Amino acid sequence: MPELPEVETTRRGIEPHICGKIVDEVIVRQPQLRWPVPSLLADRLVGNAILSVNRRAKYLLIAIDGGTMIMHLGMSGSLRMVTADTPPGKHDHVDICFQESVLRFHDPRRFGAVLWVDGDPMGHKLLQQLGPEPLSGAFDGEYLHRLARGRKSAVKTFLMNGHVVVGVGNIYANEALFQAGIHPKTAAGKISINRYERLVEAVKAVLTEAIKQGGTTLRDFTREDGKPGYFAQQLNVYGRGGANCLVCGGVIKEIRLGQRSTFYCSNCQN
DNA sequence: AAATTCTCCTGAAGGC
DNA sequence: TGCCTTCAGGAGAATT
């Protein structure tokens with residue numbers, strides 16, 4: 001599933017192929033995504049050049065003169081550059097066509113989105129109340145500690161809250177908490193600033209490493225779905241319920257926390 | 001305000 | 001082999 005590193009990898013992958021190019025045609029085969037694909041999308045895009053490809057949280061922001069197309073990959077979405085004569089397959093819902101290539105949005109589960117916003121994209125409702133980027137300087141131990149004050153929710157849920165920090169999905173939340181030695185159920189408000197500093201470092205380390213691995217995804221970008229690849233080998237706890245901890249040999253526990261699979265080592269994480 | 005639950009969807013996995 | 005059931009999961013919306 002696309003985590004922040006994969007979205008960033010996607011951004012870097014498509015940017016050089018579409019920046020400066022003029023949109024010839026927009027084909028929407030299935031408008032029923034997370035939200036309906038706006039019918040005015042084609043009108044706004046066709047005839048205009050792509051000015052930039054940016055990312056905020058897991059949203060891709062593709063700007064043209066007058067506004068921005070917002071794309072989200074949801075759980076199963078992907079974007080690929082294909083040639084104009086590539087026949088669409090199942091779940092290829094949207095094509096943004098250029099003279100010699102097509103940006104193709106593919107999403108079996110349709111949790112993704114293709115939206116449009118006039119003017120400043122940050123004015124869009126979805127982008128207005130987001131927390132800081134996890135790899136930015138604004139995301140530090142002091143910030144997390146201050147925000148957590150008085151909160152009773154589990155630290156893992158807290159960390160996955162997009163108002164707190166964006167882009168930390170279930171897999172990385174599990175991994176970062178393991179790396180920081182923090183039990184995922186600990187009340188967010190009861191964690192010391194020192195431990196939050198350690199957690200922030202862990203989040204940054206895990207994401208940075210994954211982005212580095214994302215380079216592999218980038219090379220395979222136009223290929224058919226190479227999804228399991230890049231991080232599966234180095235997961236310490238995610239998906240390893242019942243297996244032995246790679247650090248202490250204890251058994252990895254699996255619980256549900258806020259309807260999410262949660263994994264931890266009860267020996268390493270307290 | 002914060003916390004919890006619900007919701008969208010399909011493919012994979014498990015049961016029989 | 002095949003049909004049926006269960007379930008994961010990003011994150012906004014609805015609800016408590």
Side-chain angles (χ1 to χ4, degrees), chain A residues 1-11 28-38 55-61 70-79 89-94 105-115 117 121-134 144-176 184-191 203 207 210 224-229 231-232 235 237-242 254-263:
Chain A
M1 62 225 62
E3 296 271 348
L4 184 144
E6 194 163 313
V7 177
E8 178 59 21
T9 298
T10 296
R11 189 195 71 74
V28 179
R29 300 185 191 83
Q30 168 58 278
Q32 294 307 121
L33 305 180
R34 175 75 149 91
W35 296 282
V37 178
R55 177 187 62 74
R56 175 74 173 101
K58 294 178 189 171
Y59 295 99
L60 286 167
L61 309 176
I70 301 175
M71 301 182 110
H72 195 289
L73 302 179
M75 276 210 39
S76 57
S78 61
L79 283 167
K90 196 178 181 185
H91 308 309
D92 284 342
H93 305 312
V94 179
F105 179 82
H106 172 92
D107 187 7
R109 294 187 193 178
R110 293 195 266 136
F111 280 12
V114 179
L115 300 170
V117 55
M122 294 310 164
H124 194 282
K125 189 178 166 190
L126 291 174
L127 304 179
Q128 277 190 331
Q129 300 201 327
L130 295 175
E133 289 287 326
L144 261 194
H145 181 255
R146 175 165 42 80
L147 204 61
R149 188 162 300 164
R151 299 247 196 157
K152 292 172 183 170
S153 74
V155 62
K156 174 163 176 274
T157 310
F158 178 68
L159 191 60
M160 291 179 67
N161 180 345
H163 299 298
V164 174
V165 60
V166 300
V168 183
N170 195 38
I171 294 174
Y172 293 137
N174 277 297
E175 293 299 312
K185 273 179 85 171
T186 312
K190 299 208 165 176
I191 294 175
V203 168
L207 290 178
E224 188 55 42
D225 208 4
K227 65 179 171 187
F231 48 70
L235 294 177
V237 288
Y238 183 83
R240 301 194 62 244
E254 174 172 4
I255 60 173
R256 298 291 289 180
L257 213 51
Q259 356 265 146
R260 292 290 178 273
S261 298
T262 301
F263 304 89

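As the structure is a prediction and not an experimental result, all values here were calculated from the model. Here is the naming used below: chain letters follow the sequence lines, and residue numbers restart at 1 for every chain.
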### Message
Given 3.5 Å as the limit, does a donor-acceptor pair link the side chain of A:Glu175 with the main chain of A:Val237, or not?
### Response
yes
### Task
Using only side-chain N and O atoms of A:Lys90, determine if any of them is under 4.0 Å from OP1 or OP2 of B:dG11.
yes
## Note on the structure
From CZ of A:Arg256 across to C1' of C:dC7 the rounded distance in Å is 8 Å
### Summary
Among B:dG11, C:dA8, C:dG10, the one nearest any side-chain atom of A:Pro108 is B:dG11
#### Entry: For DNA chain B, the dot-bracket pattern of Watson-Crick and G-U pairs whose distances stay under 3.5 Å, | for other-strand partners
.|||||||||||||||
### Message
Would you compute the distance between atom CZ of A:Arg110 and atom OG of A:Ser76 and round it to the nearest 0.5 angstrom?
### Response
10.0 Å
### Query
What's the NE2-P distance between A:His93 and B:dC8, to the nearest Å?
17 Å
Do any side-chain atoms of residues 148-157 of chain A form donor-acceptor pairs under 3.5 angstrom with protein atoms, and if so which ones, sequence neighbours left out?
residue	atom	partner	partner atom	Å
A:Lys156	NZ	A:Asn170	OD1	2.7
A:Lys156	NZ	A:Thr262	OG1	2.9

### Summary
note: A:Asp107, atom CG; C:dG10, atom C1'; distance rounded to Å ~ 11 Å
### Query
Reckon A:Ser76 touches a base, only the sugar-phosphate, or nothing at all at heavy-atom distances under 4.0 Å?
nothing
### Under 3.5 Å donor-acceptor pair, A:Arg260 side-chain atoms to C:dG10 base atoms
yes
### Query
Just to confirm, is there a sub-4.0 Å distance from OP1 or OP2 of B:dT10 to any side-chain nitrogen or oxygen of A:His91?
no
### Task
Compare the aromatic ring of A:Phe111 with the six-membered base ring of C:dA11 and state whether they stack according to the 5.5 Å and 30° rule.
no
### Summary
When rounded to whole Å, the CG to C1' distance for the pair A:Leu147 and B:dA1 reads 12 Å
### Task
Name the nucleic acid region contacted by A:Gln32, choosing base, sugar-phosphate or nothing; use a 4.0 angstrom heavy-atom cut-off, strictly under.
nothing
### Query
About how many Å separate OG1 of A:Thr10 and NZ of A:Lys58, when rounded to the nearest 0.5 Å?
12.0 Å
### Task
Write down the distance between CZ (A:Arg34) and P (B:dC6), rounded to a whole number of angstrom.
16 Å
### Query
With sequence neighbours excluded, what pairs up with A:Phe158 under the ring-ring contact (aromatic ring centres under 6.0 Å, His included) test?
none
### Query
Hey, does the side chain of A:His163 come within less than 4.0 Å of B:dA1's phosphate (OP1/OP2), counting only N and O?
no
## Note on the structure
Under a 4.0 Å heavy-atom cutoff, the residues of residues 148-158 of chain A touching DNA chain B are A:Arg151, A:Lys152, A:Ser153
### Query
Roughly, in whole Å, what's the span from CG in A:Leu33 to P in B:dC9?
11 Å
### Task
Just compare B:dT5, C:dG12, B:dG11 and give me whichever is closest to any side-chain atom of A:Trp35.
C:dG12
### Message
Expressed as a whole number of angstroms, how long is the span from A:Leu257:CG to C:dA11:P?
### Response
17 Å
### Query
Quick check: does any side chain N or O of A:Arg29 sit under 3.5 Å from a backbone N or O of A:Asp92, one acting as donor and the other as acceptor?
yes
### Query
Just how far, in rounded Å, is C1' of C:dA11 from CZ of A:Arg109?
15 Å
### Message
Looking at A:Glu133 and A:Arg56, is there a salt bridge between them, counting it only when a charged N and a carboxylate O are closer than 4.0 Å?
### Response
yes
### Residue list, side chain to side chain donor-acceptor pair (under 3.5 Å) with A:Asn161, at least two apart or on another chain
none
### Task
May I ask you to evaluate whether A:Lys58 reaches the phosphate of C:dA11, defined as a side-chain N or O under 4.0 Å from OP1 or OP2?
yes
### Query
Quick one: is C:dG12 close enough that its OP1 or OP2 comes under 4.0 Å of any side-chain N or O from A:Tyr59?
yes
### Summary
So OH of A:Tyr172 and CE of A:Met160: to nearest 0.5 Å the spacing works out to 12.5 Å
Using a 3.5 Å cut-off and no angle test, enumerate the donor-acceptor pairs between side-chain atoms of residues 121-132 of chain A and protein atoms at least two apart in sequence or in another chain.
residue	atom	partner	partner atom	Å
A:His124	ND1	A:Leu126	N	3.0
A:Gln128	NE2	A:Gly123	O	3.4

### Message
Over all strands shown, is A:Leu126 touching base, sugar-phosphate only, or nothing at heavy-atom distances under 4.0 angstrom?
### Response
sugar-phosphate
